[in-house]
Structure formats: C-alpha cells, structure tokens
*Asks:* 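Quick one: structure below, then a few questions.
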Amino acid sequence: MQAILKRSVQFGYGALRRMRNVTIALILLAGLPAAAEPVTVVALGDSLTAGYGLPEGEGLVPQLQGWLAAQGADAVLVNAGVSGDTTAGGRARLDWALTPETDALIVTLGGNDMLRGLPPAEVRANLDAILTAADQRGLPVLLVAMKAPGNWGPDYKAEFDAVYPDLAAAHGALLMEDFFAGLAAAGADPADPASLSAWMQADGIHPNAKGVAEIVKALGPKVQELIGRVQG
C-alpha cells in the first residue's frame, strides 16, 4: 500500500483523488459506511471576498468558515476573491475557479462595476452568464446583492438594484439582498457614513474585522441554506 501511495503522489493530486475514489468504492463493496466528504463551496467575488486590508484569518471567508464550523456545518470554503474584480472579471475566470470538487457557489460581485458607474445591463449580462454556467454544472448558487448609491442618479440605482433579485428568481438561486445587511442589523445606517465608521476601514469601502463579523452573522444562515441544497 505504501508503494501505491508513493506512486500516486508522484502523479499528483489527480492520482490521489482517483485512489480516494477507489478506496470509497472498496469500502462500499465491503458493506462498511463511508464517511461523507465536506461540502466544497467556492466564494467568487472581489476585495470584499478576498479580505482586502485585513490580517490573514480576519477576512470574510475565514470568518465565515469559523462561523459555519461553530454551527456544526461540514463545509470547506474556497476563497476565489480577487481585489478590483468586476462582474466581467469574475465571468472570465469562472471556469478555473469552479474545480471538479466544487459543490456550490457564492457570488459576491458588482461592487466595482457600481463604483465605476458601469452600465447595469452589463452587470446583468455577466452575472447571468455566471449563474447559467453554474446551472449547467448543477451547482446551487447564493447570489449576494450589492446596493447602488444615489450618486449615479435614481434611474441607475433602480436598474442596478433590480439585477440581483431578477436573476435569483430566474435561476432559482438563493438571494442575500444586501452584502452589508449585517451592519444595518448591528445598528449602522448605510445612508450615514459616520454611523458606519466603527465597522469600516479608513477607506470607508471595506469592512474591518469587526464589520466582517457582523456581515457573517447575517450571511451565515444563507450559506447554511446553500449547503443544505447540496446535502438535500
């Protein structure tokens, strides 16, 4: 057996994965219960997902991983956040982000499109393509919405904000209506930057570790629901 494992390591992860599958098959043939593998969830996003400006372990993905573990959820989160990414960027790298091990997808994109005033129609088209690709792979999706500020005008805000609920309904995806909902639940007023200061970094855009913790409290139950769709 040691010789076989050594040879598998020489051929890399793919060989190890095949060995694991063979082992599970042998266990099943022997009539023994096979331990369930954790659900692998890819978090596709921008700097909010990547953990911009925060020490390792304090960003969204590690804090959410810890929250899920505390709830007894058997899941592994994969951080596929890239700072500065737009919905077009997320769409372009989706194929390599969705590894064969992926069981579910969280999409948190659109913030950079919004800050740049990119057309909501482009945001819609890119997110629609991402959700369509997930549908084709049979992956349940949690779409996390961003809310446009009023500085681009009421028409832009209305068109942008409508993208997320429309696409979630069209694709049967779960919807988190606002990425920053946890801060509002903690007492912050999104319309008052001063009230957000305790939960935000100096740039006023990215949450600090305390802010991430509040965001996770609101987002966590939705991720639990996503995991339930895989296990159900």
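Note that the numbering runs from 1 along the sequence shown for the chain. Side chains included, hydrogens not; waters and symmetry mates left out as well; all remaining heavy atoms used.
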*Asks:* Could you tell me whether the side chain of Leu183 reaches within less than 4.5 Å of the side chain of Ile215, counting heavy atoms only?
*Replies:*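 The answer is yes, as the side chains (C-beta and beyond) meet within the 4.5 Å cut-off.
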*Asks:* Can you give me the closest heavy-atom contact between Gly220 and Leu64, atom names plus distance?
*Replies:* CA-CD1, 3.9 Å
*Asks:* If you count the non-hydrogen atoms of other residues, nucleotides and ligands that lie under 6.0 Å from CD in Glu177, is the total more than 12?
*Replies:* no
*Asks:* Is the backbone of Leu118 close enough, under 3.5 Å, to the side chain of Asp113 for a donor and an acceptor to pair up by distance?
*Replies:*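 No, the answer is negative, given that no donor and acceptor are paired below the 3.5 Å cut-off.
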*Asks:* Run the salt-bridge test on Asp95 and Arg137 with the 4.0 Å N-O cut-off and return the result as yes or no.
*Replies:* yes
*Asks:* Can you name the closest pair of heavy atoms from Asp103 and Pro38 and give their distance?
*Replies:* OD2-O, 3.9 Å
*Asks:* Does Gln224 reach the main-chain N or O of Ala73 with its side chain, forming a donor-acceptor pair under 3.5 Å?
*Replies:*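 The answer is no, because no donor-acceptor pair under 3.5 Å joins these two groups.
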*Asks:* I'd like to check Glu58 versus Asn208 (side-chain heavy atoms, cut-off strictly below 4.5 Å). Are they in contact?
*Replies:*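 Contact flag for Glu58/Asn208 side chains = no.
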*Asks:* Does any non-hydrogen side-chain atom of Leu142 lie less than 4.5 Å from one of Val41?
*Replies:* no
*Asks:* Under a 4.5 Å side-chain heavy-atom rule over Ile, Leu, Val, Met, Phe, Trp and Tyr, are Met146 and Val82 clustered together?
*Replies:* no
*Asks:* Classify the angle between the aromatic ring planes of Tyr156 and Phe160 as parallel (below 30°), tilted (30 to 60°) or perpendicular (above 60°).
*Replies:* parallel
*Asks:* Among Asp128, Asn126, Asp46, Val163, whose side-chain contact (heavy atoms from CB on, under 4.5 Å) with Thr87 holds?
*Replies:*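 The residue from Asp128, Asn126, Asp46, Val163 that satisfies side-chain contact (heavy atoms from CB on, under 4.5 Å) with Thr87 turns out to be Asn126.
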*Asks:* Roughly how far apart are Thr40 OG1 and Leu139 CG, rounded to 0.5 Å?
*Replies:* 11.0 Å
*Asks:* Between CZ of Phe179 and CG of Leu109, what distance do you get to the nearest 0.5 Å?
*Replies:* 11.0 Å
*Asks:* Which atom names give the shortest non-hydrogen contact between Arg229 and Leu174, and what distance separates them?
*Replies:*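 Minimum heavy-atom contact is NH2-CD2, 3.3 Å.
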*Asks:* How close do Lys217 and Pro221 get, heavy atom to heavy atom, and via which atoms?
*Replies:* O-CD, 3.3 Å
*Asks:* Quick one: does Trp199's side chain have a donor or acceptor within less than 3.5 Å of a partner on Gly182's backbone?
*Replies:*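 No, the answer is negative, given that no donor and acceptor are paired below the 3.5 Å cut-off.
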*Asks:* Can you tell if the side chain of Leu167 reaches within under 4.5 Å of the side chain of Arg124, non-hydrogen atoms only?
*Replies:*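 When only atoms from C-beta onward are counted, Arg124 and Leu167 do touch, with a gap below 4.5 Å.
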*Asks:* Are the side chain of Gln65 and the backbone of Val78 linked by a donor-acceptor contact shorter than 3.5 Å?
*Replies:*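 A pair under 3.5 Å: no.
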*Asks:* Would a 4.5 Å heavy-atom cut-off, applied to side chains only, mark Glu159 and Pro119 as touching?
*Replies:* no
*Asks:* Closest approach of Phe180 and Pro207, non-hydrogen atoms and distance?
*Replies:* CE2-CD, 4.3 Å
*Asks:* Is Tyr52 reachable from Leu48 through a run of I, L, V, M, F, W or Y residues, each pair having side-chain heavy atoms under 4.5 Å apart?
*Replies:*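 Shared cluster, no.
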*Asks:* Taking atom CE of Met176 and atom NZ of Lys222, what is their separation to the nearest 0.5 Å?
*Replies:*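 It is 7.5 Å, given to the nearest 0.5 Å.
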*Asks:* Which atoms form the tightest heavy-atom contact between Ala188 and Leu196, and what is the distance?
*Replies:* CB-CD2, 3.5 Å
*Asks:* Please tell me if the side chains of Arg93 and Asp85 come closer than 4.5 Å, counting only heavy atoms from C-beta onward.
*Replies:*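 Yes, at least one pair of side-chain atoms sits under 4.5 Å.
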*Asks:* Is it true that Lys157 and Asp161 make a salt bridge, defined as a side-chain N closer than 4.0 Å to a carboxylate O?
*Replies:* yes
*Asks:* Atom CD1 of Ile106 and atom OG1 of Thr49: how far apart are they, to the nearest 0.5 Å?
*Replies:* 8.0 Å
*Asks:* Is a side-chain donor or acceptor of Ser47 paired with a backbone partner of Ala50 at a separation under 3.5 angstrom?
*Replies:* no
*Asks:* I would like to know whether Val141 and Ile130 meet side-chain contact (heavy atoms from CB on, under 4.5 Å); could you show each step before the answer?
*Replies:* CA-CA 10 Å; Val141 178; Ile130 291 171; over 6 Å; no
*Asks:* Tell me whether Asn79 contacts the main-chain N or O of Ala43 through its side chain, where contact means a donor paired with an acceptor under 3.5 Å.
*Replies:* no
*Asks:* In terms of hydrophobic clustering (I, L, V, M, F, W, Y; side-chain heavy atoms under 4.5 Å; direct or indirect links), are Trp67 and Val39 co-clustered?
*Replies:*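 Shared cluster, yes.
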